[in-house]
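Below is one structure, written out as structure tokens; the observations come after it.
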Amino acid sequence: MLIAIDHGNYAVKTPRFSFVSGLAEHTVRPPMSEEIMEYGGKFWTLTTRRLPNS
């Protein structure tokens, strides 16, 4: 069995699905977001923004 996964810069893609995997860090709870994770005193939300080239 072969399972192909492309874990790119902002999304995970399989042969049948594509979903967002990028994270944005916030110091205060974002008011308009429903999917929020709080960890280490910071808030994290999903994003499709690409990481900057370094």
Side-chain angles (χ1 to χ4, degrees):
M1 174 186 289
L2 178 64
I3 301 173
I5 298 175
D6 172 11
H7 190 278
N9 197 353
Y10 67 94
V12 173
K13 297 169 272 309
T14 68
R16 294 188 180 160
F17 299 101
S18 177
F19 51 94
V20 176
S21 65
L23 292 174
E25 177 184 339
H26 308 275
T27 56
V28 296
R29 183 180 178 90
M32 303 301 283
S33 297
E34 293 181 10
E35 297 179 346
I36 301 170
M37 179 176 74
E38 183 178 0
Y39 180 77
K42 296 181 182 175
F43 298 91
W44 302 85
T45 57
L46 293 173
T47 182
T48 58
R49 285 183 276 156
R50 290 185 168 275
L51 295 172
N53 293 332
S54 19

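Between Leu23 and Thr45 the shortest side-chain heavy-atom distance does not fall below 4.5 Å.
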Any chance you could lay out the side chain to side chain contact (heavy atoms under 4.5 Å, CB included) test for Trp44 and Glu25, step after step, and finish with the verdict? CA-CA 5 Å; Trp44 302 85; Glu25 177 184 339; 3.4 Å; yes

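Around the NZ atom of Lys42, the shell of radius 6.0 Å holds no more than 12 heavy atoms that belong to other residues, nucleotides or ligands.
Put simply, Met37 and Val28 are part of two different groups of oily side chains (I, L, V, M, F, W, Y) that touch within less than 4.5 Å, one to the next.
Looking at every heavy atom in both residues, Ile36 comes nearest to Phe43 through CG2-CD2, 3.9 Å. A pairwise comparison of heavy atoms in Thr47 and Val20 identifies O-CG1, 2.9 Å as the closest pair.
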